[in-house]
Amino acid sequence: MPKKSPASGPKHAKPIVGFFCFTCCEGCGFTVLFLDDLSRLLEKLDIKYFNLIKEKNKEAEFDIAFVEGAITTKREVSKLKQIRKKSRLVVALGACACYGGIPAMRNFIESKELGKYIYNQQMLSDSIEAQPIDRFVKVDHYLHGCPILKKEFMDFINGYLEGKKFEEFKGPVCNQCPRRGKDCFLREKTVCMGALTRGGCDAVCIKQNIPCIMCRGPLDTANFPAEVALFKSWGLDEKDVMNKLSKFGEQKVKDAILKSKGEKDAKKA
Amino acid sequence: MPRKLELDHITKIEGHAKLHVKISGGKVEEAKLNVLEGARFFEGILKGKKFNDLSHISSRICGICSVVHAITSIKAIEDAFGIKVSEQTRKLREVLNIGGIIQSHALHLYFLTLPDYSGVGSAIGLAKKHKALVERALRLKRLGNHIVFTLAGRDVHPIGCVIGGFSRIPDKTMIDALVEELKQCKVDAVETVKLFSGLSYPEFENDAPKFALSGGTYFYSDRIVRCERGTCFPTKDYKQHFKEYLREGSTAEFATQEGKSYLVGALARLCNNFEFLSNEAKQYARQVCENKSNPFMNIIAQAIEILEGINRSIIILSNLELKSEKPVEFDVKPCSCEGIGACEAPRGILFHHYKFDDEGYCTFADITTPTTQSLQHVEESIKAFLPSILDKGQEEIKLDIEKLIRAYDPCISCSTHFLQLDWQED
């Protein structure tokens, strides 16, 4: 008889949780440690794996595996696949796990240039393109942003404990923007990517007078070509626009642009 | 017959690294630290980006030192474009940097270090057995977060610290609330110094020259780099003194000064900038400085820095006539230029060096992190420390080595993630 996967087994009364970290800055892990509710979290969850703070980390069958970081080596691919097998839910934490994030920028350094930065042959043979985790395993939920939002993380945990389904925010950053309809950055010809970006962050940067840098990833329904054309009309060159759009995951931005163009072309036809 | 021991990665440090130890005839032949962190090539990805994108990218080098990476990146850009910031910006940046240092030190001391000395294994164990201690830790951690949040809008990857100043000046009520919290946390800081001064550390000596930025204030200097043994040089000449090198089998960089290892960080700051400390901090710092050859003293130095950081922040914020100023406006002049930024990070001196073309694109980036600078000394200390613990059991040896490594508080993500111990014995 085939062994039951944890996904089909019963939930534990005190959920067994693991925090796994691949290639990234560990800022999402720190954001969890920086939670004001941390002591309550430690009471509610049975954290069996968290390298950053635990010496003895146990491989278990996890109710939730939180995964941060992009996948950049073959070894990481196999570790990720093992995590998936043992876990009921896999939650991608932050921009790197969700869309490749900052680490995925290295994919676009010219190979000749990259050679200078490759530190040894062993690395070279194990190294792969930096990619989001859903290129290798099924992801149940995404907690977006660079770093993740404390509130969204707690909403996810509380919802899970109460047995509620986690709903992602729908719509762009603009939907929560305090400048909307008044002093929009775009009116000042300041590059802001709020309209292209998945919202839910409570427009945290814009409240600091800083335009959106798309750390929550591209919004599938956004009109990329129109916005790119707008930025270019202000004198930004193609390279600068693409750099700014693709800081947190170039491939998914390119996919979104292609999709957006495709829809536009289909309308024309 | 050679004995080979493979211990899993060293935990409770920031990042992933591996340690290889070779013992032959009862002697330690080799102790090599290799960092196996997936390389992100920050210096490569910064190249070709516009100047106004750099600080967003470089703060992502590290989740725990994101504040200081952002500040240092911005300082390098300002240096390149000749942007002079206001006195208020300098003072708010100093407090912001202190906030980052308190976040990092409080986490390192209570979550990563204390479990080693109280036999509970992890902060989770600590939370079960020593509730009051953990609550104190959480108050200090929250204080660090609140400082960073108040001044820059987010505890990890700060938003509001920008080229030319701050994108939003907090209002007076926010600053007053912060000063009140700082005052309330002082007793926690004093208790922290007492707690960590009272732990029993191994009697171990392995001295190295200690470097810190000087010429300004304790937490915010950038003019000169000073060594407690007498050397002193202008910050912009750092490349002539600190040489970075790469090693086979490792994605991290190591650095030396005149071919030898050196140290940066809390202990180095305490030894170099003792005179800038408040009298209250001095009374605790004196004994630590006398014991400066013992790397474990870095732990107490961090505790003292939390206290000093609180004292300093109260002074700055209480005396600040807050003006709602905008960041300094500037034009990117069409000429190629370069700039160096330096700042005291939680783990020591951090340098960012950029060059730009006449369109403001970055053509060169060089980042020298504190862990890179201290890493060779960590390795030498492991080698020097091992003979005194060789007769212990494997688990104990492992824990002792990890305690030594953690005393340095290495930040492996910065130096380019887990420490595996690869042990060989003949």
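Reminder, nothing fancy here: chain letters follow the sequence lines and each chain counts from 1. Just so you know, these numbers use all the heavy atoms, side chains as well, and skip hydrogens, waters and symmetry mates.
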Please find the pair of heavy atoms, one from A:S39 and one from B:L138, that lie closest to each other, and give the distance.
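Minimum heavy-atom separation between A:S39 and B:L138: OG-CD1, 3.8 Å.
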List the atom of A:Q208, the atom of B:G153, and the distance in Å for their closest heavy-atom pair.
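A:Q208 and B:G153 have their closest heavy atoms at NE2-CA, 3.1 Å.
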Go through the atoms of [X] and report whether side chain, backbone, both or neither lie under 4.5 Å from a heavy atom of chain B.
X: A:I71; value: neither
X: A:L33; value: both
X: A:C28; value: neither
X: A:K207; value: backbone
X: A:L38; value: side chain

Would you mind checking which part of [X] comes under 4.5 Å of any heavy atom in chain A, side chain (CB onward), backbone (N, CA, C, O), both or neither?
X: B:E135; result: neither
X: B:K141; result: side chain
X: B:V134; result: neither
X: B:A106; result: neither
X: B:I57; result: both

Value rounded to 0.5 Å, distance of [atom1] in [X] from [atom2] in [Y]:
X: A:E26; Y: B:S66; atom1: CD; atom2: OG; result: 12.5 Å
X: A:K244; Y: B:K50; atom1: NZ; atom2: NZ; result: 6.0 Å
X: B:I61; Y: A:C25; atom1: CD1; atom2: SG; result: 10.0 Å
X: A:I213; Y: B:H157; atom1: CD1; atom2: NE2; result: 9.5 Å
X: B:E359; Y: A:K239; atom1: CD; atom2: NZ; result: 7.5 Å
X: B:R154; Y: A:I210; atom1: CZ; atom2: CD1; result: 10.5 Å

Give the member of A:D36, A:L42, A:V204 that has the highest number of heavy-atom pairs under 4.5 Å with chain B.
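Top count of heavy-atom pairs under 4.5 Å with chain B: A:D36.
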Best-contacting candidate, A:A95, A:G27, A:C146, against chain B by heavy atom pairs under 4.5 angstrom
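Option with the greatest count: A:C146.
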Surrounding [atom1] of [X] (heavy atoms of other residues, nucleotides or ligands, distance under 6.0 Å), is the total greater than 12?
X: A:K14; atom1: NZ; value: yes
X: B:F149; atom1: CZ; value: no
X: A:E188; atom1: CD; value: yes

Go through A:D237 and B:Y361 one step at a time and tell me if the side chain to side chain donor-acceptor pair (under 3.5 Å) criterion holds.
CA-CA 11 Å; A:D237 58 45; B:Y361 282 106; 2.6 Å; yes
With a 3.5 Å distance limit and no angle check, can you tell me whether [X] reaches the backbone of [Y] through a side-chain donor-acceptor pair?
X: B:D155; Y: A:T31; answer: no
X: B:N145; Y: A:F34; answer: yes
X: B:S167; Y: A:N209; answer: no

Side-chain touch A:F248/B:R60, heavy atoms, less than 4.5 angstrom:
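With C-beta onward as the side chain, the pair touches.
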Quick check for you: among B:R168, B:K49, B:Q103, which has the greatest number of heavy-atom pairs under 4.5 Å with chain A?
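So the answer, after comparing B:R168, B:K49, B:Q103, is B:R168.
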